[in-house]
Amino acid sequence: MWAREIVAITDSRICKSDLLEHIELLAQSDVGAIILREKQLEPSTYSVLAKQALKICAGTGVACVLHSFAQVAKELSAPALHCQSNQIVHLPHLRSHFRTLGISVHSIEEYLAARKWVDYVIIGHIFQSSCKVGVEPKGLKLLESIITLESSFVKADSRDKPALQGLYAIGGITLETLPALTSMPISGVCMRQALMQTADPKTYINNAKATPYYLHKM
């Protein structure tokens with residue numbers, strides 16, 4: 001049976017409250033992990049934020065995954081890093097530095113180039129998203145195509161269980177769009193706007209987990 005996790009993606013630019021306060025609310029909810037996606041920041045600013053976010057998440061046992069800033073993540077001895085697709089070439093080097101390593105992909109080609117080195121892959125964007133204004137969504141077709149390849153994946157090594165593992169969908173995922181993913185054998189979904197703009201992420205996540213997507217048994 002698939003874990004059906006809900007992963008929160010941060011974005012201080014659209015967060016309705018103080019980001020760290022919101023991260024604390026997320027960490028106290030039933031979220032599977034929090035990816036600190038603040039790539040618009042300077043590395044030094046991101047480092048300060050990441051230290052605080054890691055501390056908050058450590059207090060609740062929720063995984064905090066740093067995003068893009070590989071050097072910052074190494075300096076902070078962060079256990080998890082999420083990479084952008086343009087960092088695929090660096091994955092072999094980064095693999096040894098992190099217990100959990102993940103990547104975002106937007107094509108089968110990117111998936112095939114990255115999958116050997118990572119624990120999880122985020123695929124998108126699936127539906128229309130405010131994060132990708134004017135960019136046509138990949139839709140369910142890309143997700144379905146990559147799912148057919150997943151059975152051939154071989155773990156790169158025998159590391160401890162990573163914080164995230166498998167395939168995750170992203171892009172325009174809300175309570176309204178979740179049902180379209182019900183039959184997809186994926187490990188979970190990622191939510192950015194929905195979780196950044198709700199004042200009560202715990203209730204939102206509980207409502208998401210009451211949808212057919214989450215209740216469906218594979």
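Both Met184 and Ile126 are assigned to one and the same hydrophobic cluster, defined by single-linkage of ILVMFWY side chains at heavy-atom distances under 4.5 Å. The same ILVMFWY cluster, assembled from side-chain heavy atoms under 4.5 Å apart, contains both Val105 and Leu149. Using a 4.5 Å cut-off between side-chain heavy atoms of Ile, Leu, Val, Met, Phe, Trp and Tyr, with links allowed through other members, Phe98 and Leu76 fall into the same hydrophobic cluster. Cluster annotation: Met196 and Leu25 are assigned to distinct hydrophobic clusters (Ile/Leu/Val/Met/Phe/Trp/Tyr, side-chain heavy-atom contacts under 4.5 Å, transitive).
To the nearest 0.5 Å, the span separating OG on Ser107 from CG on Leu142 amounts to 7.0 Å. In this structure, OG in Ser187 is found 6.5 Å from CG in Leu167, a value given to the nearest 0.5 Å. Atom CD1 of Ile6 is separated from atom OH of Tyr214 by 6.5 Å, given to the nearest 0.5 angstrom. Rounding to the nearest 0.5 Å gives a distance of 10.0 Å between OH of Tyr111 and CD1 of Ile147. Remark: Ile9 CD1 to Ile35 CD1 distance equals 3.5 Å, nearest 0.5 Å. Rounded to the nearest 0.5 angstrom, Leu81 CG and Gln71 CD are separated by 11.0 Å.
Residues meeting the side chain to side chain contact (heavy atoms under 4.5 Å, CB included) test with Ala53, sequence neighbours left out: Ile23, Leu36, Cys64. For Glu38, the side-chain hydrogen bond (donor to acceptor under 3.5 Å, both in side chains) partners are Thr10, Ser12, Gln40, not counting sequence neighbours. Residues satisfying the ring pair (Phe, Tyr, Trp, His ring centres under 6.0 Å) test with His97, not counting sequence neighbours, are His93. For Asn86, the side chain to side chain contact (heavy atoms under 4.5 Å, CB included) partners two or more places apart in sequence, or in a different chain, are Gln84. Checked against side chain to side chain contact (heavy atoms under 4.5 Å, CB included), Ala8 has the following partners two or more places apart in sequence or in another chain: Leu26, Val31, Ile34, Leu195. Applying the side-chain hydrogen bond (donor to acceptor under 3.5 Å, both in side chains) test to Asp30 and every residue at least two apart in sequence or in another chain returns Lys209. Residues satisfying the salt bridge (Lys or Arg N to Asp or Glu O under 4.0 Å) test with Asp200, not counting sequence neighbours, are none. With sequence neighbours left out, the salt bridge (Lys or Arg N to Asp or Glu O under 4.0 Å) criterion links Lys202 to no other residue. Residues passing the side-chain hydrogen bond (donor to acceptor under 3.5 Å, both in side chains) test with Gln52: none are found, sequence neighbours excluded. The side-chain hydrogen bond (donor to acceptor under 3.5 Å, both in side chains) check on Glu144 picks up nothing, with sequence neighbours excluded.
For the residue pair Glu176 and Thr174, a side-chain donor N or O sits within less than 3.5 Å of a side-chain acceptor on the partner.
Remark: of the listed residues Lys161, Arg95, Arg99, Arg95 is the sole one forming a side-chain hydrogen bond (donor to acceptor under 3.5 Å, both in side chains) with Asp119. If you run salt bridge (charged side-chain N to carboxylate O under 4.0 Å, His left out) between Asp11 and each of Arg192, Lys39, Lys16, only Arg192 comes through.
Across all their heavy atoms, Val72 and Pro43 have their closest contact at CG2-O, 3.7 Å. Considering every non-hydrogen atom in both Leu175 and Tyr204, the closest pair reads N-OH, 3.2 Å. Pairing each heavy atom of Ala169 with each of Ile186, the nearest pair is CB-CD1, 4.1 Å. For the residue pair Gly171 and His125, the shortest heavy atom distance occurs at CA-CB, 3.7 Å. For the residue pair Leu101 and Cys83, the shortest heavy atom distance occurs at CD1-SG, 4.0 Å. The shortest heavy-atom contact between Gly172 and Thr177 is O-OG1, 2.9 Å.
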Chi angles and distances behind the side-chain contact (heavy atoms from CB on, under 4.5 Å) call for Val62, Ile56 = CA-CA 9 Å; Val62 171; Ile56 290 170; over 6 Å; no
message = Run Tyr213 and Val189 through side-chain contact (heavy atoms from CB on, under 4.5 Å) and show every step you take.
response = CA-CA 10 Å; Tyr213 160 78; Val189 297; 3.6 Å; yes
ask   = Ile123 and Tyr168: side-chain contact (heavy atoms from CB on, under 4.5 Å), yes or no, with the steps?
value = CA-CA 6 Å; Ile123 305 161; Tyr168 294 78; over 6 Å; no
ask   = What do the steps show when you test Ile103 against Ile122 for side-chain contact (heavy atoms from CB on, under 4.5 Å), and what is the final call?
value = CA-CA 6 Å; Ile103 188 97; Ile122 294 178; over 6 Å; no
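Under a 3.5 Å cut-off, the side chain of Thr100 and the backbone N or O of Ala163 do form a donor-acceptor pair. Looking at Ser29, its side chain never comes within 3.5 Å of a backbone N or O of Pro201 through a donor-acceptor pair.
Applying the salt bridge (Lys or Arg N to Asp or Glu O under 4.0 Å) test to every pair with at least one member in residues 53-62, sequence neighbours left out, gives no pairs at all. Each ring-ring contact (aromatic ring centres under 6.0 Å, His included) pair with one or both residues in residues 56-80, not counting sequence neighbours, appears once here: Tyr46-Phe69, His67-His82.
Other residues, nucleotides and ligands contribute more than 12 heavy atoms inside 6.0 Å of the NZ atom of Lys74.
Residues Val7 and Val65 have side chains not in contact (no heavy-atom distance under 4.5 Å, counting atoms from C-beta outward). The shortest side-chain heavy-atom distance between Leu91 and Val118 falls under the 4.5 Å cut-off. Side-chain contact check for Ser145 versus Ile108: some heavy-atom pair is nearer than 4.5 Å.
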